[in-house]
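Below, read A as the first sequence line, B as the second, and so on, with proteins coming before strands; counting in each chain starts at 1. Keep in mind that this is a model prediction, so the values were computed, not measured.
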Number of protein chains: 2
Amino acid sequence: MASLDFSGKEQLYYQLYDILFQDILSGAYAVGELIPSESELMRRYGISRATARKAMEMLAANGLINKRRGHGSEVVSNHPSSALQHVKSYLKKNVVDKSTSEKRLIDATIMPAGKEIAAALDTDPGTELYRLRRVRYSGEQPFYLEMNYYERSFVPHAIEHDFSRESLRAYFSSELDVHWRRAVQQIYSIAADRETAPLLQLAFGAPLLYIRRISFDAENRPRECVMTYYRADLYHLEIELDS
Amino acid sequence: MASLDFSGKEQLYYQLYDILFQDILSGAYAVGELIPSESELMRRYGISRATARKAMEMLAANGLINKRRGHGSEVVSNHPSSALQHVKSYLKKNVVDKSTSEKRLIDATIMPAGKEIAAALDTDPGTELYRLRRVRYSGEQPFYLEMNYYERSFVPHAIEHDFSRESLRAYFSSELDVHWRRAVQQIYSIAADRETAPLLQLAFGAPLLYIRRISFDAENRPRECVMTYYRADLYHLEIELDS
DNA sequence: AGTTATTTGTCCGTATGTATA
DNA sequence: ATATACATACGGACAAATAAC
C-alpha cells in the first residue's frame with residue numbers, strides 16, 4: 001500500500017486526497033461501497049484526524065463520496081464533475097446599504113393548508129402546515145416579508161426552534177438532512193395589499209416584487225413553499241444567461 | 001455588535017458565517033475591502049481559530065471572498081449565486097388567451113442616448129440610437145410594451161424596414177449576421193407612469209413587470225437593450241433552478 | 001536589502017456530541 | 001446499551017506569503 005511523503009514538499013491532505021481519488025476512479029472502491037473511516041486512515045497513514053477529514057471533505061465537495069454521520073463515507077460517483085456553470089440568478093439591492101440587517105419573526109403558527117399552498121406542496125387542502133412569517137429589517141427600515149410553508153409532519157420539531165435567531169438553512173441541512181434538488185420560482189409584480197403594506201411601511205398599492213419558490217427534495221417531492229414580498233424600490237432580480 | 005449563541009442550538013461556525021454573509025450582502029463590508037482576520041474574529045467572538053476558519057472557508061466556497069495568505073480575505077462579490085445553478089426562464093401568461101395577437105408599431109425613431117441606455121450599451125451619452133416601440137395586442141386588449149434600443153451605426157438600414165410586419169430576429173440573423181452569446185436580464189416591479197399607462201390601457205400606478213435585457217454579441221459587446229413593460233395582471237416570469 | 005508584524009496555510013492532539021447500526 | 005463513525009470545537013505549533021518599515 002502506498003504511504004505518504006512527510007518531507008513537506010506536498011501537503012499531506014492532498015496526497016491522501018489523490019490516493020483516494022485514484023482508488024475511486026480505478027474502482028478499488030466501487031460505487032456504493034464505503035471508503036475507510038477517518039480513524040482507519042489515521043492509523044493506516046500515521047496522520048491526524050484533521051488531515052484525514054480534510055482529504056475526505058475535498059472528495060465530498062467534488063461529489064465523489066457522501067459522508068453520513070454514524071455510518072461512513074459512501075462512494076457515490078466515479079467520475080469527477082468538471083462542468084462549469086455560468087448561469088446565475090440572484091436578487092440585487094437597488095441601493096447600497098451599509099448597515100447590518102436582521103430577520104424579525106412576525107409569527108410561527110400551525111395552520112390548515114389553503115387551496116393554493118396545498119397544490120404547491122402536492123397535498124390536500126386542510127393538511128396541517130407550519131408557517132413562518134419573518135421580515136428582514138435594516139435598523140427600522142423593513143426590506144422584505146418572507147413566508148415559509150412546510151407540511152407539519154415534515155418539520156416535526158420546528159415549532160420548538162426560534163427561527164428569528166436560528167438559521168433555517170442550518171436546521172434543514174443539519175437536523176433534517178434535506179438536500180434541495182431543484183426549485184421553481186414564479187416572479188410577479190403586484191401592488192401591496194392592506195395587510196402587507198404596513199408590515200413593509202409602504203402605502204397601499206405600492207409596487208412589490210413577489211417571488212414564490214417551491215423547492216423539491218432529492219426524491220423530487222415539493223417540500224417547501226416560500227413567498228417573498230420585496231419592496232420594489234429596494235430590490236430587483238437579475239438573471240445571467242449564457243448560450 | 002452581534003454576539004454568538006453558545007447554547008449549542010446552532011453551530012458556532014454557521015452563526016458566524018451567517019453574520020458575515022449578511023454583512024457582505026448589506027454592504028457593511030464592501031466589495032474590495034477586507035473582512036476581519038481570523039485572529040480578529042477569534043477575539044471579537046471568543047471562538048477558536050478553527051471555528052473562524054470554517055466560517056471563512058464557507059464564504060470562500062460560496063464565492064463571496066478571496067482568501068490570500070499574508071494579506072487577508074477580500075470581498076469579491078455581494079450577490080451569491082443560488083446553490084442551484086441551471087436556470088431556465090419562461091415568461092408565462094396568467095390567463096389563457098385563445099385569440100390571435102399581433103405587435104403594433106408605436107414609432108421607430110433616431111434619438112440621442114440618455115445616460116442609462118448609454119451605460120447599458122457601453123457607449124457615450126448622446127450617441128445616436130435607433131429606437132423601436134411596439135405594443136403587443138390581442139384584439140383591442142394591449143398586453144405589453146416593448147422598446148428596443150440599438151446603436152444607429154450597428155443597424156444602418158433598420159429605419160427602412162417595417163418591423164411591425166417584419167421580424168427583428170430574422171433581420172439580425174440574415175441581414176446583419178449577429179449571433180447572441182449571452183444576455184443579462186433585470187426584473188423589476190414598477191408602477192405604471194403617465195406615459196406607459198395609457199398605452200397599456202391601465203390606470204396610473206398599476207403594477208407592471210418590467211424586464212430589461214441587454215444582449216451581447218460573439219465579441220461580448222453589448223448590442224441590444226430591450227425594455228419590456230408587461231401588464232402584471234397578464235404576465236409573470238417563471239424560473240426553474242436545477243442542481 | 002533585510003527585518004518584523006500580520007495573515008492565512010498546514011498539521012498535530014484532545015474532548016465531547018450525535019447519528020447509526 | 002455499546003461500539004463505530006462522523007461533526008463540532010478547543011488548544012497549540014510552525015510555515016509561507018505579504019506588506020510595511
Side-chain angles (χ1 to χ4, degrees), chain A residues 3-18 20 29 32-61 64-76 156-157 160-161 166-167 169-179, chain B residues 3-20 29 32-61 64-76:
Chain A
S3 69
L4 303 185
D5 171 18
F6 284 86
S7 69
K9 276 185 287 193
E10 198 176 8
Q11 296 96 315
L12 294 177
Y13 68 82
Y14 189 81
Q15 292 180 55
L16 178 55
Y17 166 79
D18 205 47
L20 296 171
Y29 301 122
E33 286 180 10
L34 299 181
I35 64 171
S37 71
E38 295 172 356
S39 41
E40 171 63 22
L41 292 173
M42 290 168 69
R43 261 208 321 281
R44 200 182 284 187
Y45 294 100
I47 54 175
S48 76
R49 177 100 191 276
T51 304
R53 269 185 76 73
K54 172 124 189 176
M56 290 169 75
E57 273 161 11
M58 290 172 71
L59 291 171
L64 291 171
I65 64 171
N66 188 6
K67 306 195 334 172
R68 279 173 57 201
R69 183 195 306 218
H71 178 70
S73 295
E74 186 183 330
V75 178
V76 291
H157 303 105
E160 298 152 20
H161 287 73
E166 201 175 334
S167 156
R169 262 185 302 238
Y171 172 66
F172 278 114
S173 74
S174 68
E175 191 150 341
L176 291 181
D177 197 35
V178 174
H179 294 98
Chain B
S3 68
L4 303 185
D5 171 17
F6 285 84
S7 70
K9 274 187 288 192
E10 195 179 8
Q11 299 93 316
L12 294 176
Y13 69 82
Y14 194 87
Q15 292 180 54
L16 178 55
Y17 166 79
D18 206 46
I19 289 173
L20 296 171
Y29 301 122
E33 285 179 9
L34 298 181
I35 63 172
S37 69
E38 294 171 358
S39 41
E40 171 64 20
L41 292 174
M42 290 169 67
R43 260 206 320 279
R44 201 181 283 188
Y45 293 100
I47 54 177
S48 74
R49 176 133 180 252
T51 304
R53 269 185 76 73
K54 172 123 188 175
M56 290 170 75
E57 274 160 12
M58 290 172 70
L59 291 172
L64 290 172
I65 63 170
N66 188 5
K67 299 171 39 151
R68 278 173 58 204
R69 183 198 303 214
H71 178 68
S73 296
E74 187 182 331
V75 177
V76 292

State which of [options] makes the closest approach to the side chain of [X].
X: A:Ile47; options: D:dT8, C:dC12, D:dC10; answer: C:dC12
X: B:His71; options: D:dT18, D:dA5, D:dA9; answer: D:dT18
X: B:Gln11; options: D:dA9, D:dA17, C:dC12; answer: D:dA9
X: A:Arg69; options: C:dT18, D:dC10, C:dT8; answer: C:dT18

May I ask you to test the [X]-[Y] pair for a side-chain heavy-atom distance under 4.5 Å?
X: B:Leu20; Y: B:Leu64; value: no
X: B:Ile65; Y: B:Met56; value: yes
X: B:Glu57; Y: B:Tyr13; value: no

Could you tell me the separation between the [atom1] atom of [X] and the [atom2] atom of [N], rounded to a whole number of Å?
X: A:Glu38; N: C:dG13; atom1: CD; atom2: P; answer: 15 Å
X: A:Asn66; N: D:dA5; atom1: CG; atom2: P; answer: 17 Å
X: A:Leu12; N: C:dG9; atom1: CG; atom2: P; answer: 17 Å
X: B:Leu34; N: D:dA20; atom1: CG; atom2: C1'; answer: 15 Å
X: A:Glu10; N: D:dA15; atom1: CD; atom2: C1'; answer: 17 Å
X: B:Gln15; N: D:dA9; atom1: CD; atom2: C1'; answer: 13 Å
X: A:Met42; N: D:dT4; atom1: CE; atom2: C1'; answer: 14 Å
X: B:Leu16; N: D:dA9; atom1: CG; atom2: P; answer: 11 Å

Think [X] has a side-chain N or O under 4.0 angstrom from the OP1 or OP2 of [N]?
X: A:Ser73; N: D:dC6; answer: yes
X: B:Lys54; N: D:dT8; answer: yes
X: B:Tyr13; N: D:dA9; answer: no
X: B:Thr51; N: D:dC10; answer: yes
X: B:Lys67; N: C:dT7; answer: no
X: B:Ser39; N: C:dT6; answer: no

So, the side chain of B:Gln15 versus the backbone of B:Asp5: is there a donor-acceptor pair under 3.5 Å, distance only? yes
Residues B:Arg43, B:Glu40: salt bridge by 4.0 Å N-O rule: yes
Answer yes or no: side-chain N or O of A:Arg49 and base N or O of D:dA5 forming a donor-acceptor pair under 3.5 Å. no
With hydrogens left out and only the distance checked, is there a donor-acceptor pair under 3.5 Å joining B:Arg68's side chain and the base of C:dG9? no
